[in-house]
Amino acid sequence: MLDINFIRQYPEEVKSGLKRKGVDPKLVDKFLRLDEEWRAKTAALDQLKSEQNKVSAEIGKKKSAHGMSQAKLLKNRISEIKSEYDEIDAKRNEVLALLPNLPAPEVPTGEGEKDNKVVREVGEKPTFDFKPKDHLELGEALGILDFEAGAKVAGSGFYYLKNDGVLLELALVRYALDFLAEHGFSLWFTPDLAREKFYLGTGYSPRGPEAQTYEIKDSDLGLIATSEISLAGIHSDETLIETDLPRFYAGYSHCFRQEAGGYGKYSKGLYRVHQFTKVEMFAFTKPEDSPEVHRMLLEMEEKLWQGLGIPYRVVEMCTGDLGAQAARKFDLEAWMPGRGDYGEITSTSNTTDYQARRLNIKYRNGDGKSVFVHTLNGTAVATSRAIVAILENYQTKQGTIRVPKILRDYVGKLEIG
RNA sequence: GGUGGGGUGGCCGAGUGGUUGAAGGCGGCGGUCUUGAAAACCGCUAUAUCCGAUAAGGGUAUCGUGAGUUCGAAUCUCACCCCCACCGCCA
């Protein structure tokens, strides 16, 4: 959620931010009109309540027929104005929710994926003296991946990991957690379910046509799409201590996504699935620290993936590809020989105070004023896509998989095959 | 899952319909006293929002959350959330 005072004070800046994100800037005018009405109604309502408080106090001292009839009139009037106020308040909040976070000034302007900027390419793409297979073919042949059984039991887009597939996933998780713990992150296993208000607070809206999340019937719980949700929620409605910032959390969870309509060559196999395991990084910072912390999260991601020996490139999202929450976002895309192209494996966002404002997470600064923190998130390892990248990059002519050096102790073997 | 108890300001803790934003204490800040410190004493000490000049000042809201009864709710009613104790069940 954007700062209402900022919108009032700098509507042109907000509009140009929306334009850059490809959102209709007229929303700002719409909001300001509703805000104007809202303020008028608030004033009217407060005025009436003030009178009511006075009259009631009088009655408390001394009952009188005149006072009572006056009070009853006021009561009716207040309920009329209150319902008008409620209506405007709801509309105003609706429009406010449609306003995305503003892009940081240095973000390249663009409409979508095609305008994203490749920042750098790192690592050597492997060369094969045979036609490399894709991870699905490799994984099923090796008996470490079973989509057929997944489809039978849970439906299309679900899968089983088996034997060395299990060891590989656990190795990836442990590798990421060890690495992050070494770098000052506290480790968290989070709930895989969360209340609806946390989806709303983190931009994974559970309702409506774009629904991405699974909901639990007859409850306000849903399966989380990322532990960003459960990690951000930890400190909702809290005021953090300044000297405790920045705080770095590493969260492990399963992630569940409906991914409606997302099939095709590029979403084959493990690349796009309804359930996967992820180690996520999350940070709470002072506003002035967030750009630096964002750089650091990106660095963590790069080191993790360099450690795995996977060639990747860093891509900065253009304004049109930031989504509602992010002011700035970088993806890591791994080279995937099976498709002969790069595929997204991590994503790190600085959501500035957009998320914190909604979740009401503050800290008290040196002047004793409480201000909203900045929140940032980044993928350490999403095991499903990591397995895609490893199988495809480390495959041999025989269809076996060399285990990346850094995972060998965790997996307990040199080769899967 | 059952039964019982409970959620009040930074913390503890009063308060069962009428100047209660809320007694008292602790903590914190400022001051008096002191060579200095402690003690003692005095004063101050929530947040959000609206009006206002980014002032002075004022209004409104907030006692787990939401709705309701009432002229008036921390206090009464209902629903929900959470915590504690005991019992049951269970990996």
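Quick caveat: nothing in here was measured; it's all calculated off a predicted structure. To find a chain, count down the sequence lines: A is the first, B the second, and so on, and within it residues start at 1.
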Closest-nucleotide ordering on RNA chain B, the 5'-leading residue of A:Val55 and A:Lys82: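 In this pair, the answer is A:Lys82.
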
Pick the nucleotide of RNA chain B nearest each of A:Ser370 and A:Ala57; which residue has the one closer to the 5' end?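 Comparing both residues, the 5'-ward one is A:Ala57.
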
Taking atom [atom2] of [N] as reference, at what distance in whole Å does atom [atom1] of [X] sit?
X: A:Ile78; N: B:U69; atom1: CD1; atom2: P; result: 14 Å
X: A:Lys63; N: B:U70; atom1: NZ; atom2: C1'; result: 10 Å
X: A:Ile88; N: B:C50; atom1: CD1; atom2: P; result: 15 Å
X: A:Lys72; N: B:U70; atom1: NZ; atom2: C1'; result: 10 Å
X: A:Phe198; N: B:C81; atom1: CZ; atom2: P; result: 14 Å
X: A:Lys61; N: B:G17; atom1: NZ; atom2: P; result: 20 Å
X: A:Arg364; N: B:U45; atom1: CZ; atom2: P; result: 15 Å
X: A:Lys197; N: B:C80; atom1: NZ; atom2: C1'; result: 13 Å

Which one, [options], comes nearest to the side chain of [X]?
X: A:Ile59; options: B:C50, B:C71, B:U60; value: B:C71
X: A:Arg195; options: B:C81, B:C50, B:C71; value: B:C81
X: A:Lys362; options: B:C71, B:C50, B:A48; value: B:A48

Rounding to an integer number of angstrom, what distance separates [N] and [M] when you compare their [atom1] atoms?
N: B:A53; M: B:C42; atom1: P; result: 42 Å
N: B:U45; M: B:A38; atom1: C1'; result: 23 Å
N: B:C12; M: B:G7; atom1: P; result: 12 Å
N: B:G64; M: B:U54; atom1: C1'; result: 35 Å
N: B:C41; M: B:U34; atom1: C1'; result: 14 Å
N: B:G18; M: B:U32; atom1: P; result: 43 Å
N: B:U62; M: B:G68; atom1: P; result: 13 Å
N: B:G88; M: B:G2; atom1: C1'; result: 7 Å

Using the ring of A:Phe372 (Phe, Tyr or Trp, six-membered ring only), decide whether A:Arg358 places NZ or CZ under 6.0 Å from its centre and within 45 degrees of its axis. no

Do we get A:Arg385 above A:Phe276's six-membered ring, with its NZ or CZ under 6.0 Å from the centre and within 45° of the axis?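 Checked: cation-pi criterion not met.
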
Under a 3.5 Å distance rule, please check whether A:Thr379 uses its side chain to pair with a backbone N or O of A:Ser347 as donor and acceptor.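 Yes, the answer is positive, given that a donor and an acceptor are paired below the 3.5 Å cut-off.
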
Phosphate OP1/OP2 of B:A61: any A:Asn53 side-chain N/O under 4.0 Å: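 Yes, such a contact exists.
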
For B:G18, take OP1 and OP2 only and decide whether either is under 4.0 Å from a side-chain N or O of A:Ser56. no

Any-strand Watson-Crick or G-U partner of [N], both distances under 3.5 Å:
N: B:U34; result: none
N: B:A85; result: B:U3
N: B:A67; result: B:U77
N: B:A56; result: none
N: B:A61; result: B:U47

For the residue pair A:Tyr159 / A:Gln275, report whether a side-chain donor-acceptor contact shorter than 3.5 Å exists. no

Looking across every strand, which nucleic acid part, if any, lies under 4.0 Å from [X] by heavy atom: base, sugar-phosphate, or nothing?
X: A:Lys75; value: base
X: A:Gln52; value: sugar-phosphate
X: A:Arg92; value: nothing

Under 4.0 Å between a Lys/Arg side-chain N and an Asp/Glu carboxylate O for A:Lys15 and A:Glu12? yes

Strictly below 4.0 Å, N to O, side chains only: are A:Glu84 and A:Lys41 in salt-bridge contact? yes

Just so I know, are the side chains of A:Leu391 and A:Asp134 near enough to count as touching, which here means a heavy-atom distance under 4.5 Å? no

